[in-house]
Structure formats: C-alpha cells, structure tokens
Amino acid sequence: MIGGHQSEIDSTFQSIRFLDEKARYPVLFLVVSGVFWLLFGSLLALMASVKMHAPEFLGQLSFLTFGRVRPLHLNTMVYGWASMTGAGVALWLLSRTLRVAIPMRPYIIGVTALWNIALLVGSVQILAGFTRGIEWLEFPVSTMIVIVWCILVIGIAAMFMLFYRNVKTLYVSVWYIIAAFLWLPLLGGVSSMPIFDTPTVQAGMNWWFAHNALGLWFTPIGLAAAYYFIPKVIGRPIYSYGLSLLGFWGLALFYNWNGFHHLIGSPLPTWFVTISIAASVMMIIPVVVVAVNHHMTVVGSFSAVKHSPTLRFVVFAAMSYTFVSLQGSIQALRTTNEIIHFTHFVVAHAHIGMYAFVTMMLFGSCYYILPRLTNWEWQSHKLIKAHFWLSAIGIILYTVPLQVGGVLQGLAMNNPDIPFMDTMNLTIPYLIARSVAGVLLTVGHLIFAYLVIRIVAKVGLKPEIPGVWSKKIKEA
Amino acid sequence: MLLETSINVSYGIWILLLFSLLIILSGIGLFIWAYFSGQFDDINKGAQLPFNEEEPAGEPTDQIFKDNDSKQKN
Amino acid sequence: MADNEKNQNNKPFGDEERKDSIFDIHTAALREAPLPEEGNERGPVWMYVVIVLTLAFGFFYMGRYLGEVSDRAHVLFTAPPGAEVTGEVEFDLLAEGQRIYTRVCQACHQANGEGISGVFPSLVGAEWVVDEPDYAVMLTINGLRGELVRERAVYDGVMPGFGNQLDDLDIAAVISYVRSSFGNDAGEISEDRVAQIRELTADKSGAYTAETIEEWITRIEPELEGSAEAVSE
C-alpha cells in the first residue's frame, strides 16, 4: 500500500528528525519574530478599534492617532506576523515534502534579522507620520523593498530545495509554496515602482497588490499547510490528488485579476472591473474543489480533529477559507457591492480572510512544528485549548456583528433621506462588539506567545520522549 | 448613467495588465513544466507523499490531547 | 518489500520497544489491511455542475458588461446615486461664509464673534471689519500679531495668515458673513476686491503688526479701484 517512491527516502540524511534538526534555527527565528509582531499588532489593533467608538481615546499624542495606528496595525500583521511565520512554515513544509534539509541557513537567519530591522524602522516611520498613504503599502518604499528582498532570498532557498529535492513527484503543498515565493517578490517589486502616477492608476495598483498579496502569497501558504497537515494528522491520504492540482491551477489562473473589484464605480476602465468581477466569481471553481477535497479527507475522522491541537485550528481555518472565498465572490458583484462598499462589512470580510483563515492556519502549523523543532512538549494542553476557543469565539464575535452592522450601514448610506451622521451612529454598538472581540483575540495571542516562549526556551516539563514523535522516527 | 471623458487613465494601466498576464503565464509555465517533467504520469502517487515508513498512512499524528487523557507512556 | 526490512532496522527510542509491542502488532495489522482507496477520487457530480455553471456565468458576465476596451476613464453599468440633482444649485455667499467661519475662525473669535478679551479681538462693530474692510482682507491673507489697541480693550495675540488656505472667493465670503452677522449690518464685499488686495500685497511676507498694516494700507490705497463694498445690482 505504501507507494514505491518511498524506497527513495531511506538514508539517514532524509529522516524526519534530521530534516527538523536542520530546520530548527531558521524556522524558529522566523516564527518567534512573527509572534513578536503579532503581539505588537494586536496592541495597535485594540487601540484603533477603541478609537472607532471613542474617538478621544489616546488622541492627544500625534503618533497614537487613528491615521497612524491603524495602518501600522495592518502592516505589522501582514508583513510581520503573517509573512514571517508564513515564510517559516513554508520552509518547514518544503523541507518535509521535498525531503531535503533547508539550505542557506545562515543567510535565512541574516535576512530574518534584517527583516525585523526593516519592520522596526518602518513602524517608527509610520508612527512619525511618514507613509505612502496607500492601503496595504503604508510602509515607505525603502522598508518595503528591504522586506521584498528578504522574502526573495528565502524564496531562493526554496528554489534550491526544489532543485535538490529527494522525491520525484511534487506534493500539492510544494506547488503552492513555490508559486507563492515566485509571486510575492513580483507583486512587491511592481508595487514599489514609481510609475503609477495618476490617482486612478495608483488606486488600481493599490488593489491589484493588496488583493494579490492575500491571494497569491498568504492563501497559497495557508492552503499548502492545510494540504499537508490534514492528511498528516489524520493519517489518511488526501481524498483526491488530481483535484488538489486542479485547485492550484484554478487559483493561478483566476486570482490575480480579482483586485479591481474594489474599484467598482471608479473611473478605472469598465472592462478592467468587469473582467475582475468575472474572475472573482470564477474563484468559486478552485474554492469548491479545495473544499470538497478537504471535507472528504476529514469526514469520518472527527476524533483525530478533537485530539489534535493542530487539526482544530487547521480545520477551522480551512472552513473559513471556503466561507470567505464564496462570500468574496458574491461581494464582487456590482449589485452587492453598491450596498457593502465603504462599510464595515468589508473590514470584517478582510479579517475572516487574514485571521479566521490565514492566522488560524499559522497557529495550527506552529502547534505541529514547534515541538518537533525543539524536541520539547507544549507547556499546557489546557492553555492550547483556551487559545483555540478564545481565537475561534473572538473572530466569530468580531465578524458576525460587524457584517450585520456593515449591511445596515450600507443600506442607510444608500438612502439619501438619512443624514450621514446617523449612518455613523448606528454602527457604534457593532464597533463596541468588535473591541470586545479584540480583547478576546489579544488574550489568546498572549497565551500563544507564552506557550511559544516556554517551548522555545525549553522551560517547564521535559518529557523523556516528546509525545509528538512516532515510535518509528529515526534519531537524527 | 454614463460618465465619459476623454481623459486617458495613462499607460500605468497597461503595466498592471502586463504583470497580471505575467502571473497567469507563470502559472501556465509551471503547468507545462509539470506536464513534460512527468509530474502527472502517476497522479495517485502524489497523495501518498506526506507519508513514509517513519510516519506511515493509517497512523494519526499529533494526537496530544488524547495522550494526555490516557496518560502518556513515559 | 524492501521497505519492511528497513523498518525493522528503525530503532525505536531505547526501551520503549517492549512496552509498545501490542501497539506495534496492532499497527502492523493496520498496515496489512487495505487503507481507504484515496488519492485518485473524482469528486461528486454536483461539483462538476458547479464548475460548468460558474464558467458559463463568468463568460456571460464578461460578454454582457465588458464595455469599451481602451484606457479611457469611463464608468458604465453602475447605478447613479439615489438622489437626482435637479436644476442648478444657487451659490449663497453668506451661507458659504458661515461654513468657513465655523471651520476656520470660530475657535478664536467664538461663535458670537466677540472673541476672547485680551487675546482675540471682538468682531462686533469692529472698525476694520465694518467701516474699512480692506484691513480685514489684508490681515486675513497675511495674519496679524502684536499689540492692538482698541477703545474698550487692548489685545495681544497672534492671528495666522489664511492666504494659502482660502482663495479670494472664500475670503470674500467669510468677511461678507462677518460684516452681516453678530449685530453688524454692512454689505457684501466682492471677490475682485480681495483679488486686487492680494495682488498689491503680494510682496508682503509674514504677519502685519498694528503699525505695518497702516503703512501698507496707505501704500496700496491709491491703487485700489472703487469702494470696498460690492456694488449691489
């Protein structure tokens, strides 16, 4: 039953323990840096959220005003937490699925340090009021170029792994990750070019980049993790490998046109927007294929989901991916867009994508990867469960009220008889619910950070053999 | 209903178009490479790739909440 | 199979081997039993139906709403705003002036125009506003600082110049508003007058003081045409 290709993988130098040993420092550094920016970003998020319903809060200090805190929250979460941890998870997944140790380890550690410095400098610049004023690209170009360059170097390491791989067939996770490492430097490079000089074109570039950063960088990494961890944890091959490849090429074909649906009603040429809406709807194809594939793999293995911290997060994230993508396809249509555009609905939608999908997937991946990298156990199973429920309940409490409020806000704004102030005031209860949810999420992040610190510093309980290892694993 | 001016949105729009097509072409390029390098010859094999003799299919991993309940062996 | 031989060589961790013998046998049995036939499934029929329908919708939508393929800025197929704009909206100088006053002036000169004693002069019946509005235009453009002696009070504050923020029409509007509010009852002044003054004082940089504004007004007065008040038609 075990395929013949596995006879290729027999030397000690391809054993799981050996690969994880080599992956330890680069991946840990990326993940720990990511967790730091997660905490920093959460703090900024809380401030920004409270300011939405209590505008005077911390308004006396210029560097803590909404116009600086909110962009910095977005940028540290995207380029700090999600990108760094995502890159670490991607490298580890490549090492596992290609059966080759991570190369260029000193370089990866070096660029990670540089990446952290770039984020720090960029943060100070945004707080001091220097930004590009383009959503998702608020960091000054200098910071952005350094970050893109860091990802490019890590991408080169990924390409080396691809060329020196020890398996012939590429697993579907590899397709996603290789594509992500190709696409992000392209997106980042193009968006940093000083050629988008007219406002309309700049807006076009803005949403082309922002939507693609989610769809061609975070989504591939998230799906790669899902495609690896769901079969791995359940111990059951993916339902259909063929369909998983169909899902990948569907994403590659349809996703990168999606961004312009943010510009419905703008002076961007209509055919741009129309093609973008059609492409957004066509995203239903890869999404349904991925959803069917994941569902059919998980179905019947509920106990495995219950007993594994990784799978809890990953299954939650995979379900969120299906939900948020289908919602996005409907949102892109002109009729729906007329109501929800410029409302809090879109903010909530973005958070389902970046939190309920990407971040939950990264949490799940960390719960699997870190014990294997450190040879240590998680400090407390109770805290892991607490983290899961805080995050899951937090993000539901965040998005559901805000989307309801967003629709009401949109309907009110389309009604010329309602004064603008009333459309603002009616959203206040939903904004307060968001702040409450933000507190839950932040507490969850603090728990996660505590657990990560404990396992990385190797304090607390030391089992003779980490429970996470299978008995068959070879010593490194 | 129809807002039309004679202003052109500028050449930047063609650059966005160009890079969008480049991304699609990179996807198509990957597909062609995959096809000719025999990635699709044995499509069933791919599903087995996460597993090997160390962690074979059929054995769930990461069941740490369960270990906790039934007391770890060590 | 060669795999099995290798498996036996895999040393489990130390003495764990014996304890887990039952587990191992069980595992071995599991591995003999056929694993679920997975990895090459085709997926349910409804999924293919969804794929075909989505493709059909996408191509229909593109064909129906494509519009003109060019780089011209144009918006099609988007509904206009709910409220129809009917006729031309009449421009009301005083209403515009009130809006600007609230936004720009009110913080110092207060909502009732009386200012704050000792710092910000009152605009009620003020000579430079009501009788000789050229002063008001000049100091609104360039600002005013230093001591200002009036019958009822002495003020010592700073007023910044608004020449860069407000255009000629804005300044005409706000001064006309002040001249007809707070109990003042003087006429509107024209945009042209403001433009003239702005041109004649273009050399002046920084704020006036009570003395320099007098110097400047004597310099430019001969060149100003007509009276400050707009001729009402």
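So that the names make sense, note that chain A is the first sequence line, chain B the second, and so on, each numbered from 1. In what follows, every heavy atom counts, from backbone to side chain, and hydrogens, waters and symmetry copies are set aside.
- Of all heavy-atom pairs between Tyr171(A) and Gly46(B), the closest is CD1-O, 3.2 Å.
- Heavy atoms of Leu251(A) lying under 4.5 Å from chain B are absent altogether.
- With a 4.5 Å cut-off on non-hydrogen atoms, Ser20(B) touches chain A through its backbone and its side chain both.
- Rounded to the nearest 0.5 Å, atoms NZ (Lys232(A)) and CD (Glu59(B)) are 10.0 Å apart.
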**Report entry** From CA spacing to verdict: side-chain contact (heavy atoms from CB on, under 4.5 Å), Asp62(B), Phe229(A)
**Finding:** CA-CA 10 Å; Asp62(B) 196 53; Phe229(A) 288 121; over 6 Å; no
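- Residue contact with chain A, scored on non-hydrogen atoms closer than 4.5 Å, involves the side chain of Ile15(B) exclusively.
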Query raised in the report: Can you list the steps and then say if Leu268(A) with Ile13(B) is a side-chain contact (heavy atoms from CB on, under 4.5 Å)?
Result: CA-CA 9 Å; Leu268(A) 203 69; Ile13(B) 208 94; 3.2 Å; yes
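- Considering every non-hydrogen atom in both Ser308(A) and Gln63(B), the closest pair reads CB-NE2, 3.7 Å.
- Using a 4.5 Å cut-off between heavy atoms, Leu22(B) touches chain A through its side chain atoms alone.
- Contact annotation: the side chain of Tyr367(A) never approaches that of Ile64(B) to less than 4.5 Å [non-hydrogen atoms, C-beta and beyond].
- Expressed to the nearest 0.5 Å, how far CD1 of Ile23(B) lies from CH2 of Trp257(A) amounts to 10.5 Å.
- Looking only at heavy-atom pairs under 4.5 Å with chain B, the residue among Thr97(A), Leu186(A), Val190(A), Val233(A) that has the most is Val233(A).
- With rounding to the nearest 0.5 angstrom, the OH atom of Tyr241(A) is 10.0 Å from the NZ atom of Lys45(B).
- Residues Ala57(B) and Pro237(A) share a closest heavy-atom pair of CB-CD, 4.4 Å.
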Query raised in the report: How far apart are the C-alpha atoms of Leu187(A) and Phe19(B), what are their side-chain angles, what is the distance that settles it, and do they pass the side-chain contact (heavy atoms from CB on, under 4.5 Å) test?
Result: CA-CA 8 Å; Leu187(A) 297 174; Phe19(B) 281 103; over 6 Å; no
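- Taking chain B as the reference chain and counting heavy-atom pairs below 4.5 Å, the highest number among Trp175(A), Phe196(A), Phe248(A) is found for Trp175(A).
- Distance CG/Leu170(A) to CH2/Trp33(B): 5.0 Å, rounded to 0.5 Å.
- Residue Lys385(A) holds its NZ atom at 5.5 Å from CZ of Phe65(B), rounded to the nearest 0.5 Å.
- Between the CD1 atom in Ile238(A) and the CG atom in Leu49(B) there is a gap of 12.0 Å [rounded to 0.5 Å].
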Requested in this report: Would you check, one step at a time, whether the test side-chain contact (heavy atoms from CB on, under 4.5 Å) holds for Ile16(A) with Asn52(B)?
Outcome: CA-CA 10 Å; Ile16(A) 286 175; Asn52(B) 54 64; 4.0 Å; yes
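- Contacts of Ser303(A) with chain B are made by backbone atoms alone, with heavy-atom separations under 4.5 Å and no side-chain atom involved.
- For a residue to count as touching a neighbouring chain, one of its non-hydrogen atoms must lie under 4.5 Å from one of that chain's; by this rule Tyr255(A) does not touch chain B.
- Across Ser26(B) and Trp183(A), no two heavy atoms sit closer than the pair OG-NE1, 2.8 Å.
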